[in-house]
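Keep in mind the model is a prediction, meaning the values are calculated, not measured. Reminder, nothing fancy here: chain letters follow the sequence lines and each chain counts from 1. We use all heavy atoms of the structure for the numbers below, so side chains are in, but hydrogens, waters and symmetry mates are not.
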Amino acid sequence: MGEDLRRLTEVDRLIHEPARLLIVTILASVASADFLFLQRETGLTKGNLSAHLSKLEEARYVKIEKTFKGKLPLTVCKLTAAGQKALTQYRQQLQDFMDKTA
Amino acid sequence: MEKNLSDVEQRVQRYWYADGIGELIGGGMFVLLGIYFALQEFLGQNSMVGGILQASLVLLMIGGTFVSRRLVNTLKTRLTYPRTGYVEYQVDERGTRGRRILAVILAFVVSGLTIAFARLFQFFDSIVAVTGVIVALILVVLRAKSSGLARFYILGAASLVLGFALSLSGLPNGYSLGLFYGLMGVCSLISGGLTLRRYLKENPLPAETENG
């Protein structure tokens, strides 16, 4: 049990934060999504979402692009391969912990 | 924040159907397909126009798919993305290959079923009944199960009922098939129209259009 608990402390804390976990999970199930969609789905304020996205971008888990869809300006976010790997690893770690403690 | 991650993923997939635009365009295509089959039956295969119509079915299907995709994208860009945001979905290569294999298997099963039905039940218009089963399967397996939306189960049930009811109607093949597609198209148009009306009501255009 001690070993399991120690492993749990090794989870990626950047993803472990609930708001960022939600953002990363949403981005993992699509090719890309814009800021407005993420804001609506997460229920975060603009400032909060910007801050979380910046942290994810700094860690190179998320790529942010300013683009246009027709005449509509968009801030499009994509999960990078590193972000996808980190999320998969995080989910696996949690699953392993749950399996061992269940 | 205590949302189940799988629920989050399913809700994101469901977003594609939130505005009903796909059903509206699909319904329109079904109505046109219904008119096509009825017109073909009316003109007869021996007439020149009927022959041209029959030969051009594949072209019409490909063209219709292309036009409907463009229409869906245009309407989503104008109505949906400014209101609730833009999402680009992943194209799963393995899933696409799997669907192609499934389509080939389905085509063989359908051909076999149609021949078997035609031999077993002379009074039974097997083509429209099998069409009803296929459309219902597509609606339930590809739409309802992945999105979890009840309206696709209702449309699937309508397809089954219409398919079997029209197969017993005694109408010529082209008219029963035309009526099937026409009525399914109307059902889809109503479902899509009501969904779009509710979506627009619940999601007014934000004052500022730029996001981020």
Legend entry - Partners passing salt bridge (charged side-chain N to carboxylate O under 4.0 Å, His left out) against A:K63 (at least two apart in sequence or in another chain): A:E65

Legend entry - Part of B:R78 within contact of chain A (heavy atom distance under 4.5 Å): neither

Inset, instruction - Heavy-atom pairs under 4.5 Å with chain B are the metric here; pick the option from A:A28, A:C77, A:S29, A:A33 that has the most. - result: A:S29

Legend entry - Pairing of B:R151 and B:E23 as salt bridge, 4.0 angstrom limit: yes

Legend entry - Pair B:E88-B:Y86, side-chain donor/acceptor within less than 3.5 Å: yes

Inset, instruction - Among B:T84, B:V12, B:V87, B:N73, single out the residue with the greatest number of heavy-atom pairs under 4.5 Å to chain A. - result: B:T84

Inset, instruction - Kindly write out the residues that satisfy salt bridge (charged side-chain N to carboxylate O under 4.0 Å, His left out) with A:R20, not counting sequence neighbours, or none if the list is empty. - result: none

